[in-house]
Amino acid sequence: MNSFEIIRAGINTTFQDNGRNDLYHIGIPFSGAMDKRNYFLANSLIGNETDKPVIEFAYQGPLIKYIGDKISFVITGDVIFKLIKKKSVIEGNCYESYTIEDGDQIDIVSTNKSVYGYLAISAEFDLKSQWGSYSINTKASIGSNNGKKLQNNQKIDILNINSNQVKKKINYINTRIEKIRVIKGTNFDYFSDEGKKIFFDKEFTVSKLSDRMGMRLEGPKIKNIVETNIRSEGLIKGVIQIPADGNPIIMLSDHGTIGGYPKIGVVISADYDKLVQLSPGSKIKFQEIELSDAETLFKLYEMETQNLISQFK
Amino acid sequence: MIKNISNLGDAALYCDFGKEVNKETNSKVVKYFKDIKEKNIQGIINLAPSYNKLIISFDLRMTNFKAIKKEIENLEVNETSNQISKKIEIPVCCEGSFSLDIERLEKKLSFKRDKIYENFFDKEYFCYMTGFIAGMPFLGDLDKTMRANRLETPRVKVPKGSVGLTEQFANIYTFESPGGWNIIGNTPVRIFDNLKDKNPNLISPGDTVVFNQISVEDYKNYNE
């Protein structure tokens, strides 16, 4: 049997795929890979269908020992990693596939000025899906791996090795986003004129209290002049809520599905992948944008992703 | 027909059914929710009904706001038809360590605990929505005299099964979670079962819930 032995699990290492649809109404969010473009790229670089589950890690990644017949793997994102073979240690490059043999180790040291990275293999992880997805939501304990993040000394079996393994590589650089573009939220007018101005003019800092559920921001406070609570209602990823303390919270992929804080804005779909990669301490600025422009920008972003993917087909 | 539809970001419709939070408004929301879900409209990938809103998420790769809005606006839903809903009995134990906030409630509501329990168990509750955490039901309405605000500082961990009150609603913590509701008891019933393939949540929007008080002994024996 081929397998991954997880020597060191890393900080928050999970299996993720395209996410889980159609369960908001019972309190289960989409989840799925935080940075979809890097997720799609990982799968396509290794010759998989783009919707296969991969290993997602945040900051420090796992140290993995491989047991079994030769396979390939690829890492995407902005990641520092080493490939430890019997006689040599190779400094790895993202977006380049490598083959590993029995006893080799992959040491994912850390992400570089970013948060999430992805590891895909030219084979299948032996996992059980739940409600149409392998994505792990640790809070609700659902998804593959019993809904838990990967643990030290855990073993993951690997099946169906793809015999057609061609070395692939692209040059792709993750650009850092300068301005997060935002469509006005449904409670935009709950905030003072000064508050609205601060929101679009001033800089905010990503707080340490950020995870797959949400990103908290620190900076100038945004003053609410109407009501600091609304009737609890549904949320979607990208919504920026402002609680009574005036500090924005952006809902991310594992967000609670219902919330009662006013929504000042929503991050556009085209900027979501870049947003989630901002690590604590990063500065961020918001820019207002109209719906029609947001739609066009998403089309362009998608086209770019598809162009990258079509390079290795 | 839904009169008030706007966009929430670039990939969701925000349908507003009116300011009032009552059974009638909510029943409308639930009807639209069920109907849209059944119709499997291409591009729609998630629906989040709440007291008086329905948020419809769609895949921006397949469709857009304008197209989905048109589809939803033209939807014929029989708003007067009867919904299929269940009546569910939930046993709750209010002894000692389960009733975490009973002293706070005694002060806030100016009732003795026996009266608080009596009022609480005397009612039938309507499930307005489920969510926040998986399967958590939002049940209303508590009598006006039974309404208290959230805790000033929310608990970091509310035990699984806790039954809480806030404002006009009761809820049940389906698993251990942070939270700020006033906890009056605990149920041994599994409200959200993550091992069930279909309908992992016991209580759905539109259902009726009745709470029954049980002893510690009954609580302990419940799952045996």
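Every chain is numbered from 1 and lettered A, B, ... according to where its sequence line falls, protein lines coming before strand lines. Atoms considered below: every heavy atom in the structure, side chains included; atoms not considered: hydrogens, waters and symmetry mates. All values reported here derive from a predicted model rather than from experimental measurement.
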Report task. Without swapping roles, check the side chain of B:D10 against the backbone of A:I268 for a donor-acceptor pair under 3.5 Å. Result -> no
Query raised in the report: In chain order, what residues pass the salt bridge (charged side-chain N to carboxylate O under 4.0 Å, His left out) check against B:D101, with sequence neighbours excluded?
Result: B:R155
Query raised in the report: Listed by residue number, which members of residues 292-301 of chain A have a heavy atom under 4.5 Å from any heavy atom of chain B?
Result: A:A294, A:E295, A:F298
Query raised in the report: Nearest 0.5 Å, what's the CG-CD distance between B:N194 and A:Q130?
Result: 6.0 Å
Requested in this report: Report the distance from atom OH of A:Y24 to atom CD1 of B:I45, rounding to the nearest 0.5 Å.
Outcome: 8.0 Å
Query raised in the report: For A:K139, is it the side chain, the backbone, both or neither that has a heavy atom under 4.5 Å from a heavy atom of chain B?
Result: both
Report task. Pick one of side chain, backbone, both or neither for A:E233, based on which atoms fall under 4.5 Å of a heavy atom in chain B. Result -> both
Report summary line: Ranking B:L195, B:V21, B:N64, B:D16 by heavy-atom pairs under 4.5 Å to chain A gives rank one to B:V21
Report task. Name the member of B:N199, B:I203, B:D197, B:L54 that forms the most heavy-atom pairs with chain A at distances under 4.5 Å. Result -> B:D197
Query raised in the report: Around atom NZ of B:K70, are there more than 12 heavy atoms of other residues, nucleotides or ligands at under 6.0 Å?
Result: no
**Report entry** Atom CD of B:Q42 with >12 non-hydrogen neighbours under 6.0 angstrom
**Finding:** no
Query - Side chain B:N46, main chain A:D22, donor-acceptor under 3.5 Å - result: yes
**Report entry** Heavy atoms of other groups near B:N212 CG, more than 12 under 6.0 Å
**Finding:** yes
Query raised in the report: Of the backbone (N, CA, C, O) and the side chain (C-beta and beyond), which part of B:Y128 lies under 4.5 Å from a heavy atom of chain A, both, or neither?
Result: neither
Report summary line: Value for CE (B:M136) from CD1 (A:I258), rounded to nearest 0.5 Å, stands at 9.0 Å
Report summary line: Interface check, chain A: of B:S6, B:P200, B:S204, most non-hydrogen pairs under 4.5 Å belong to B:P200
Report summary line: Distance col, row B:I55:CD1 vs A:I236:CD1, nearest 0.5 angstrom, shows 7.0 Å
Query raised in the report: What part of A:I289 lies closer than 4.5 angstrom to a heavy atom of chain B: side chain, backbone, both or neither?
Result: neither
Query raised in the report: In terms of heavy-atom contacts, does CD of B:E73 have more than 12 from other residues, nucleotides or ligands at under 6.0 Å?
Result: yes
Query raised in the report: Which one of B:K37, B:E176, B:E167, B:K66 has the most heavy-atom pairs closer than 4.5 Å to chain A?
Result: B:K37
Requested in this report: Could you have a look at B:A48, B:G9, B:G135 and say which one has the most heavy-atom pairs with chain A under 4.5 angstrom?
Outcome: B:G9
Query raised in the report: Does CD belonging to A:E288 count more than 12 external heavy atoms closer than 6.0 Å?
Result: yes
**Report entry** NZ/B:K123: more than 12 non-hydrogen atoms of other groups inside 6.0 Å
**Finding:** yes
Query raised in the report: Going by heavy atoms in the side chains, are B:F169 and A:S232 under 4.5 Å from each other?
Result: no
Requested in this report: Select one option (side chain, backbone, both, neither) describing which atoms of A:I183 are under 4.5 Å from chain B's heavy atoms.
Outcome: side chain
Query raised in the report: For B:K39, does the NZ atom have more than 12 heavy-atom neighbours from other residues, nucleotides or ligands under 6.0 Å away?
Result: yes
Query raised in the report: More than 12 heavy atoms of other residues, nucleotides or ligands under 6.0 Å from OH of A:Y261: is that the case?
Result: no
